[in-house]
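Written below as structure tokens is the structure these notes are about.
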Amino acid sequence: MENREFARILAETADLMEIAGEDGFRIRSYRNGASTIEGYTESIGDILADPARKVTDVPGIGKGLAAVLQEIALRGSFDKRDELLTKFPPAALDFLKIQGLGPKGIALIFEHFRITTLDELEQLCRDQKLRDLPRMGAKLEEKVLRSIAHLKERSGRFLLSFADNVAQELKESLAGLAGIEAITVAGSLRRGRETIGDLDLLVTGPNAEAALDKVGANPRVHEVLGRGPTKTSVKWGREGLQVDVRAVDHASFGAAMQYFTGSKEHNVALRQRAIRMGFKLNEYGLFHGDGETRAAGETEEGIYQALGLDWIPPELRENQGEIELAEAHALPKLVEQRQVRGDLHMHTTATDGRASLEEMAEAARALGYEYIAITDHSKALAMTFGLDEKRVVEFARTVRKVNETGDLGIHIFSGVECDILQDGEMDIAWDALAELDLVIGSVHGHMNQEPAVMTDRLLRAIECPHLTALGHPTGRLLLHREAFAFDFDKVITEAVAQGVWLEINSSPERLDLSATHVRAAKAKGAKFIVSTDAHHPKHLLNMQYGILTARRGGLEAEDIVNTYTRECFAQQRRGVKS
DNA sequence: GCCGTTTTCGGCCCGACTGTTTTCAGTCG
């Protein structure tokens, strides 16, 4: 069993324990155990199976959780969880995702109404029954209804990282199969969309059809939706991501890639162009007017070339002007991940990160970076033990010393992710911020302000001369929380004028700014940092998602300051006199 | 339930807001 499955079961149990009103500290231990296991590099299953090893050596795992893990490994669940699941319906876990309802409220609802589904909860709100319960009123009913609507609306989409992981897992499972030449990702995952509806895989090789059977037989497959000679569709895992796998002829591979990568809008435009030029374009190839002779099809490049176009990177295929640019040989030279020289947003155990400065530096060095910035939270985020002025100044001093010794083999910029307070004031006094190399200003609370208030708040933050960049500027959480509303144009214009950079936060839950915002901001002359907001060394790998987003936004290396050399980067920072 | 010790018990990050109340519990981050 995979670590994330152990983690999921523990976290889910913690949720149920909350509804059951159990001891908060015990619940925290379950959560803590879950998050440690999820981020643990070694397989918990292997440790459990090895009599020479003790799972209690894993921090946060004591005797109690060790027994629980052993039982999960044995039978996929454990007594306490089973007992809780008889008390509450499985939908109880969904209820926790509703904004405005917490464990206490949910317990109260279960106590008074025999409901088991979101639909029934929705009906209760419509019937204005919730207000019969203590401390619940009309506003809560409205809020719950809105939240349920949002939950339903987003259902069926998945985080980019989730789909990416499924794709990797499938590719690995097929890797050993004889007669398979290539397994390639197409669809919105290849285009790097921020959320994914379903996963498209193409398989080539003389034995490609055998891959379809192999996928259907994968133990993670929940349901086989269909199986024909060239295609199989399955629902993957309990999450139910639809995966379509197609066996494709060598001669059609490029055409299939083009066709199944999309987008729909891009493909429609491309097919119209083909018709105008006397061709017919489909998933099997680009054909001359007779419909028989193939003009192209083996490679994507061949198809675009035959249509008089430069090859268009998948990230740009949205029919937003890319075809015209390709015709004029004027496509942007999109940034590539190998051009990234440093990661500028990460946390350590000083606040809510899970690794030390040294461990983060080592992980970054292993990725080949020249520099990083450590940007722990500020004191407004008390729950993370955020830095106050004194600790900020100490930290800056420590970093200067570390850099002098050069022991870490990578340059560290001292930074902070400083909260932008309710009124736009920075959470850390300016003289302390001045000690640092880099200040990322982020909004973490009071996100429901009126748009005009939020706009003023961000403008005020930009006035702080020590602010280097705006972190996750819109505050959205994909599939979970909308971006907060503000006058984007006004804020970006001011940021550009003041030399404040904009973050593309690579965390797959954020991808903030979005590609659309990136495009708009670039048009105004903005500069960007693409950073991971890593709370664990493995999160540094999320850079790929930020880079995809940057590419979708049409960015070139020059637009992104953390592709610059260390010296160049240091000089470009706001407030540095040249 | 974990952890560390002052070593087998007591502490475990907490402040602010919201909508409900009529002084505050529940939710959120």
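Note on naming: letters A, B, ... go to the chains in the order of the sequence lines (proteins, then strands), and numbering restarts at 1 for each one. Reckoned from all heavy atoms, side chains included, excluding hydrogens, waters and symmetry mates.
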Geometric class of the Phe158(A)/Phe162(A) ring pair [parallel <30°, tilted 30-60°, perpendicular >60°]: parallel

Euclidean distance, atom [atom1] of residue [X] to atom [atom2] of [N] [Å, nearest integer]:
X         : N       : atom1 : atom2 : answer
Glu22(A)  : dC12(B) : CD    : P     : 22 Å
Lys63(A)  : dG4(B)  : NZ    : P     : 16 Å
Glu141(A) : dT20(B) : CD    : C1'   : 13 Å
Glu18(A)  : dG1(B)  : CD    : P     : 15 Å
Arg31(A)  : dG1(B)  : CZ    : P     : 15 Å
Leu133(A) : dT27(B) : CG    : P     : 12 Å
Leu101(A) : dG26(B) : CG    : C1'   : 10 Å
Gln449(A) : dT18(B) : CD    : C1'   : 15 Å

Can you tell me how far [atom1] in [N] sits from the matching atom in [M], rounded to whole Å?
N       : M       : atom1 : value
dT7(B)  : dC2(B)  : C1'   : 15 Å
dT21(B) : dG26(B) : C1'   : 13 Å
dT8(B)  : dC3(B)  : C1'   : 12 Å
dC28(B) : dT20(B) : P     : 14 Å
dT22(B) : dG29(B) : C1'   : 28 Å
dG11(B) : dA16(B) : P     : 24 Å
dG15(B) : dG10(B) : C1'   : 24 Å
dT18(B) : dT23(B) : C1'   : 15 Å

When you measure from the side chain of [X], which nucleotide among [options] comes out closest?
X         : options                   : answer
His446(A) : dG29(B), dC2(B), dA16(B)  : dA16(B)
Phe25(A)  : dA25(B), dT27(B), dC12(B) : dC12(B)
Arg135(A) : dG29(B), dG19(B), dA16(B) : dG19(B)
Lys139(A) : dG19(B), dC17(B), dC12(B) : dG19(B)
Ser29(A)  : dC2(B), dC17(B), dC12(B)  : dC2(B)

For a quick check of understanding: with a heavy-atom distance under 4.0 Å over all strands, which category does [X] fall into, base, sugar-phosphate or nothing?
X         : value
Ala107(A) : nothing
Gly62(A)  : sugar-phosphate
Gly100(A) : sugar-phosphate
Met447(A) : nothing
Pro134(A) : nothing
Leu381(A) : nothing
Ile27(A)  : nothing

Arg75(A) atom CZ, over 12 foreign heavy atoms within 6.0 Å: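 Atom CZ in Arg75(A) is crowded, with more than 12 foreign heavy atoms closer than 6.0 Å.
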
dT8(B) pairs with, by Watson-Crick or G-U criteria that keep both distances under 3.5 Å: none

Ala66(A) versus Ile61(A), closest heavy-atom pair with distance: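 Looking at all heavy atoms of both residues, the closest pair is N-CG2, 3.8 Å.
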
Arg457(A) charged N/C atom sitting above Phe484(A) aromatic ring, 6.0 Å / 45°: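 No, Arg457(A) and Phe484(A) do not form such a contact.
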
Charged N-O contact under 4.0 Å between Lys97(A) and Asp15(A):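 No, Lys97(A) and Asp15(A) are not salt-bridged.
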
Carboxylate-amine/guanidinium proximity below 4.0 Å for Glu5(A) and Arg8(A): yes

No-H, no-angle donor-acceptor pair, Arg26(A) side chain to dC2(B) base, under 3.5 Å: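 Answer is no: no donor-acceptor pair is held.
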
Position toward the 5' end of DNA chain B (nearest nucleotide), Gly445(A) or Ala66(A): Ala66(A)

5'-most by nearest nucleotide on DNA chain B - Thr384(A) or Ile98(A):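 With Thr384(A) and Ile98(A) compared, the 5'-side residue is Thr384(A).
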
Euclidean distance, Arg476(A) CZ relative to Leu511(A) CG, rounded to 0.5 Å: 6.0 Å

